[in-house]
Structures are given as C-alpha cells and as structure tokens.
Asks: 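The structure under discussion is supplied below as structure tokens; questions concerning it will follow.
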Amino acid sequence: MLQTSPESPYPGRAIVDLGAIGENLEVLRAFAPGAVQMAVVKADAYGHGLLPVAMAALRAGATWLGVAQLAEARALRDGLDAAGIDRSAAPILAWIAPSGADWAGALEAGIDLSVSWTWVLAEICAAARDTGIRARIHVKIDTGMSRAGSTQADFPALVTAVRMAEEEGLVEVIGAWSHLSRGDDLSEDGLASTAAHVEIFEQGLKTLADAGVEPRLRHLSATAGILWHPQAHYDLVRVGIGMYGLSPDPLTASGASLGLRPAMTLQAPLTSVKAVEGGTPASYGGTWRTPGRRWLALVPLGYADGILRAGSNGAPVLVEGREAIATRVVGRICMDQFIVDLGPAEGAPGAPSARSGHAPARVGDAAILFGDPAKGAPSADDWAQAAGTINYEIVTRLGDRVPRVHLSDRRVAERAGAAEASTACENSECAAPAGGAAASTSKKEAR
C-alpha cells in the first residue's frame, strides 16, 4: 500500500532513479565514444529535478551541464556552489536570455553564454568591461532550425565582432555550436536535412578559422544525433532525452531497444474504490459509461499536476491491487483526479467468481501512470501516444506540486569515491548529501 508521509503529504509522487541517469549516460557514451558529454538539465532536468540530476550526471562522467534559460543556470550554479562542487569541474552553458539580462551576474557565476547575434555580444562585452571578467562564449550557427543562431548571411559580421572582442580580451571562445532540426527523422528527406545542417556547420567553422577564431569545442548533436548521426558528433555531444531513459523517436527505436532505462516512475495511491451499476457515467460530460457493473477507482492526480487532459478515455495505468491490473483512464481527466476501470464487479458477466464480491484493489494501493516497461509499468511513450504528443512533454510538464523522490545508485557513488554513500544508502534510498559531487543526492529535492 502506498502511503504518504509527514515529509511529503501530497498523495502523488515522481520517483526518480538517479542510478538510471548514470546508466543511460554510459549507454550513450558508447554511441559517441570520442566526444565529451554535456548533460542537458533544462526545464528542471526534464521534470526530474534540476540539482539531483545534475549531480548524478557529474558523478556518472558528464563533464558539462546545459540549460536553456539563464535564470535556471544561475539557480543550478548556486546549488552546485552550495554542494561544494568546484566550478571548473562543472561548466554550465545557458543559451536563452533577453536583451538587458544580468550578464554581469552570469559572468560572476562562471556561466558560459551562447552568442547568436552582435547585439548579444555587445551586451556581454559591456558586462565584461564592467566586471573585469572575461566572458566564456559559444558562437551559435543557424544551420537550418531558424531559431537562435546566426544565419549564413549574418555570420561573417558576427565572427568579425567576436574576433575584435577576443583581441580586446573581453571574450574567450569556448565553443561553436548548432542544433539538428530533424535528427530523429531517418527518412530520405530527414537524412538530407541533417546532411545540409552538417554542411552549413562546417562552412561556419571555416569562417571562424579563416578569421583566426579557434573554438575549443564544436557541438552539433543532441540525443538523436548521438544515436543516428556519427558524422555530427564532433568534440562534445549534448545528452538530453536519452539521459532520462527515453528515445527521441520511439517509432525509430524504443528506449528499451537502445539499452536505456526510464528514470522516472509516476504513481499515486488510490483514494476511492467502488462498484457502480451498468450504464453509470464517469467524470465530467459522461463521455464514458460503464458497460455493466464495474469496479472504478480514483487516482489523485490531474491536469493541475501536468497530467494531460488529452489522455482522457484511454491512457494506460497499472494498479498494484490484489494482483497487478493493467487498466486505463475512463472519462475525462479532471484538475486533480481521474478515474480508472478495474473490471467487472460481482454479478456482472465476466466477473471472477473467486473474488466473492471483494474489490480487486483497495484504497491506498498504488496506481502507476508511467515508469519502466521492463517492470510492467506503462511508459511515458504510451501516455504520449494516448495524448497525441511526445514523451518529452509527458515528463517535462509534470507539475511542481508533485514531490520528486530521488533514489541514488550505490554503484555510481562508489565509482566516484563516495564511501559515505555506499554505507549510508539502504535499499538505494539515500539521505541528503553533506556536499560535493561524490556525495549521494538528496532523497527529495526541496521544491
């Protein structure tokens, strides 16, 4: 029976296995053995918990951390500083900030910054003059995504400005980078798109070289590029969705077939189990009615928690009752709860007579929305299919009010020399760290 605790009174919880984070990084390292790894922990580590995941990734051999928003980079740096992580051992790249951002604060925090336009470079250079701190920058090339990045037409002017800033001692060019828009598309058109991205990237690198600008690192690949485009690996690869045990395109290859293990299990205790008569509507609008006398159960998670309403009438759930019950959402998902069908009740055709009227599950039994399919749970991919979306959205949209419970991996901690973790962890559940990358990550991140 799944119980709440005084520490975490909210009924639902997302259990994050930090050992899976490390294992997935190791699996993906084999796909790009010549490149260093950046663990992408943007969006609260894809919903898994920013600081615990970042520290687990560093323990597992990632040498860079990446976030989109500058504000999140500052929060991550503060957390790593508080944990005693040396800044040189955990460089952070951030790539989204508005004009007028606190560039001085970013430089003081030792955050690497992406530069796509001359106005960004000008603002960063002004902060470098004011602080006396040389900015660490990654020049971004627009290779065909049409988001950030300098276009081929604008790139020469940006490179000239970068070279002047470098000569003035205001910037240090750490990287040159871009992103593949169709790295997960292995169709003929998709492969042609990726080839074009690589060609434009190479042209940008030549423009930099011709101007005498020599970035230390070149990076183009996220998880899809790591898996399927070795020509795009370069010096560094950015490990995003794959680090969390999910495939960037389950139709091309499932996470399990790639050797990845989902890190997150989302579950909640049943708060109601009851038999209702045939023809009874479930939830708002009566979009589903019982086909006969049925057992229905209530799960206390809803769209306020990031459970997509589009998963109504179909998303899978595993209920750990008297025996495991693979069931589905019936009726519309509500703001704070939804209903699942546990099967026919006594007196209904097909009802197991051996139950003698007993419910197949009880209040407090665990309902698992998604987790590791190898353990019988539905997957984030299953929920994505039911909701008409992608697995990225399923995990990333999980609401802040759902506590994250972080489980550590003794083997990873031991490899990192964390002797205290190997003795303190019981059943893979660890107490809060005293500090340092080698320490085990906290059981529940302060949220």
Asks: Has Arg404 got a side-chain atom pairing as donor or acceptor with Val402's backbone, closer than 3.5 angstrom?
Replies: yes
Asks: Using only atom types and a distance under 3.5 Å, with no angle test, would you say the side chain of Arg13 pairs donor to acceptor with the backbone of Pro403?
Replies: no
Asks: Are Lys140 and Ser116 packed together at the side-chain level, in the sense that at least one heavy-atom pair is separated by less than 4.5 angstrom?
Replies: yes
Asks: Closest heavy-atom contact between Leu107 and Ala135?
Replies: CD2-CB, 3.6 Å
Asks: Between Arg147 and Asp142, does any side-chain N to carboxylate O distance fall below 4.0 Å?
Replies: no
Asks: Would you call Tyr284 and Cys334 a side-chain contact if the rule is heavy atoms closer than 4.5 Å?
Replies: yes
Asks: On a heavy-atom basis, which atom in Gly311 and which in Val329 lie closest, and how many Å separate them?
Replies: O-CB, 4.0 Å
Asks: I'd like to know whether Leu80 forms a side-chain contact (heavy atoms from CB on, under 4.5 Å) with Ile92, so could you lay out the CA-CA distance, the side-chain angles of the two residues, the decisive distance to 0.1 Å, and finally the verdict.
Replies: CA-CA 11 Å; Leu80 294 174; Ile92 300 169; 4.1 Å; yes
Asks: Please answer whether the main-chain N or O of Gly279 pairs with a side-chain N or O of Thr290 as donor and acceptor at a distance below 3.5 Å.
Replies: yes
Asks: Would you mind reporting whether Pro378 and Pro373 have side-chain heavy atoms less than 4.5 Å apart?
Replies: no
Asks: Is the side chain of Ser254 donor-acceptor paired with the backbone N or O of Pro250 at a distance under 3.5 Å, no angle test?
Replies: no
Asks: So with a 6.0 Å cut-off around CD of Gln385, is the heavy-atom count from everything else above 12?
Replies: no
Asks: Is there a side-chain hydrogen bond (donor to acceptor under 3.5 Å, both in side chains) between His229 and Ser221 once you walk through the steps?
Replies: CA-CA 8 Å; His229 304 290; Ser221 288; over 6 Å; no
Asks: Is a donor on one side and an acceptor on the other found under 3.5 Å between the side chain of His48 and the backbone of Tyr46?
Replies: yes
Asks: Where do Asp189 and Ser187 land on the side-chain hydrogen bond (donor to acceptor under 3.5 Å, both in side chains) test, with the steps shown first?
Replies: CA-CA 5 Å; Asp189 284 349; Ser187 69; 5.5 Å; no
Asks: Gln37 and Thr63: side-chain hydrogen bond (donor to acceptor under 3.5 Å, both in side chains), yes or no, with the steps?
Replies: CA-CA 6 Å; Gln37 288 181 324; Thr63 52; over 6 Å; no
Asks: Is there a side-chain contact between Asp249 and Trp228 (heavy atoms, below 4.5 Å)?
Replies: yes
Asks: Check the side chains of Ser99 and Glu123 for a donor-acceptor pair under 3.5 angstrom, ignoring hydrogens and angles.
Replies: yes
Asks: Sort out for me which residue in Asp112, Asp81, Asp78 forms a salt bridge (charged side-chain N to carboxylate O under 4.0 Å, His left out) with Arg87.
Replies: Asp81
Asks: Going from OG1 on Thr143 to CG on Leu180, what distance comes out if it is rounded to the nearest 0.5 angstrom?
Replies: 6.5 Å
Asks: Please report the closest heavy-atom contact between Gly376 and Leu318, naming both atoms and the distance.
Replies: O-CD2, 3.5 Å
Asks: Please examine the side chains of Ile325 and Glu320, heavy atoms only from C-beta on, and report whether any two atoms are closer than 4.5 Å.
Replies: no
Asks: Inspect the contact between Arg322 and Asp365 and indicate whether a charged nitrogen and a carboxylate oxygen are less than 4.0 angstrom apart.
Replies: no
Asks: Measuring from atom CG of Leu58 to atom CD1 of Ile21, what distance do you get when rounded to the nearest 0.5 angstrom?
Replies: 12.0 Å
Asks: One pair to check against side-chain contact (heavy atoms from CB on, under 4.5 Å): Leu308 and Arg397. What are the steps and the verdict?
Replies: CA-CA 8 Å; Leu308 296 183; Arg397 287 190 60 167; 3.6 Å; yes
Asks: Should the pair Asp336-Arg401 be classified as a salt bridge under the 4.0 Å nitrogen-to-oxygen rule?
Replies: yes
Asks: Could you tell me whether the side chain of Asn391 and the main chain of Asp381 form a donor-acceptor pair under 3.5 Å?
Replies: no
Asks: Can you see whether Asp305 engages Tyr10 through a side-chain donor-acceptor pair at a distance of less than 3.5 angstrom?
Replies: yes
Asks: Classify the side-chain pair Asp86/Ser88 by whether it contains a donor and acceptor separated by less than 3.5 Å.
Replies: yes
Asks: In Å, rounded to the nearest 0.5 Å, how long is the span from NZ of Lys375 to OG1 of Thr265?
Replies: 6.5 Å
Asks: For residues Trp295 and His358, report the shortest heavy-atom separation together with the two atoms involved.
Replies: CZ2-C, 3.9 Å
Asks: Going from CD1 on Ile241 to OG on Ser247, what distance comes out if it is rounded to the nearest 0.5 angstrom?
Replies: 9.0 Å
Asks: Between His197 and Arg182, does the side-chain hydrogen bond (donor to acceptor under 3.5 Å, both in side chains) criterion hold? Intermediate values first, please.
Replies: CA-CA 9 Å; His197 279 257; Arg182 297 175 67 179; over 6 Å; no
Asks: Quick one: are Val340 and Val299 in side-chain contact, heavy atoms under 4.5 Å?
Replies: yes
Asks: Determine the minimum heavy-atom distance between Gly259 and Asn24, stating which atoms define it.
Replies: O-OD1, 4.4 Å
Asks: Atom CD1 in Ile111, atom CZ in Arg74: separation rounded to 0.5 Å?
Replies: 6.0 Å
Asks: Any idea which heavy atoms bring Phe338 and Ile307 closest together, and the distance?
Replies: CE2-CG2, 4.4 Å
Asks: Yes or no on side-chain contact (heavy atoms from CB on, under 4.5 Å) for Leu296 and Leu342, after CA distance, side-chain angles and deciding distance?
Replies: CA-CA 6 Å; Leu296 301 182; Leu342 299 183; over 6 Å; no
Asks: Could you tell me whether the side chain of Asn313 and the main chain of Gly331 form a donor-acceptor pair under 3.5 Å?
Replies: yes
Asks: Counting only N and O atoms by type, is there a donor-acceptor contact under 3.5 Å from the side chain of Glu26 to the main-chain atoms of Ala60?
Replies: no
Asks: Is there a side-chain contact between Leu28 and Leu227, using heavy atoms and a 4.5 Å cut-off?
Replies: yes
Asks: For Met145, is the CE atom crowded, meaning more than 12 foreign heavy atoms sit under 6.0 Å from it?
Replies: yes
Asks: Heavy-atom count around Arg362 CZ within 6.0 Å, excluding the residue itself: above 12?
Replies: no
Asks: Kindly indicate, with the supporting measurements, whether the criterion side-chain contact (heavy atoms from CB on, under 4.5 Å) is fulfilled by Arg29 and Leu25.
Replies: CA-CA 6 Å; Arg29 195 171 293 124; Leu25 283 169; 4.1 Å; yes
Asks: Look up atom CZ in Arg294 and atom CD in Glu277, then write down how far apart they are to the nearest 0.5 Å.
Replies: 12.5 Å
Asks: Can you tell me how the ring of His219 sits relative to the ring of Trp177, calling it parallel under 30°, perpendicular over 60° and tilted otherwise?
Replies: parallel
Asks: If the test is side-chain contact (heavy atoms from CB on, under 4.5 Å), which one of Val53, Thr223, Val27, Val40 qualifies with Met243?
Replies: Val53
Asks: Checking Trp64 against His138 for the ring-ring contact (aromatic ring centres under 6.0 Å, His included) test, could you report, in this order, the C-alpha distance in whole Å, the side-chain angles of both residues, the deciding distance, and whether it holds?
Replies: CA-CA 13 Å; Trp64 281 78; His138 295 236; 5.5 Å; yes
Asks: According to the interplanar angle, ranging from 0 to 90°, do the rings of Trp383 and Phe370 count as parallel (below 30°), tilted (30 to 60°) or perpendicular (above 60°)?
Replies: perpendicular
Asks: For a 4.5 angstrom cut-off between non-hydrogen side-chain atoms, does Ile394 reach Thr389?
Replies: yes
Asks: Looking at the rings of Tyr234 and Phe201, which for Trp means the six-membered one, are their centres under 6.0 Å apart?
Replies: yes
Asks: Looking at Arg309, is its backbone amide N or carbonyl O close enough to the side chain of Ser312 to form a donor-acceptor pair, meaning the two atoms are under 3.5 Å apart?
Replies: yes
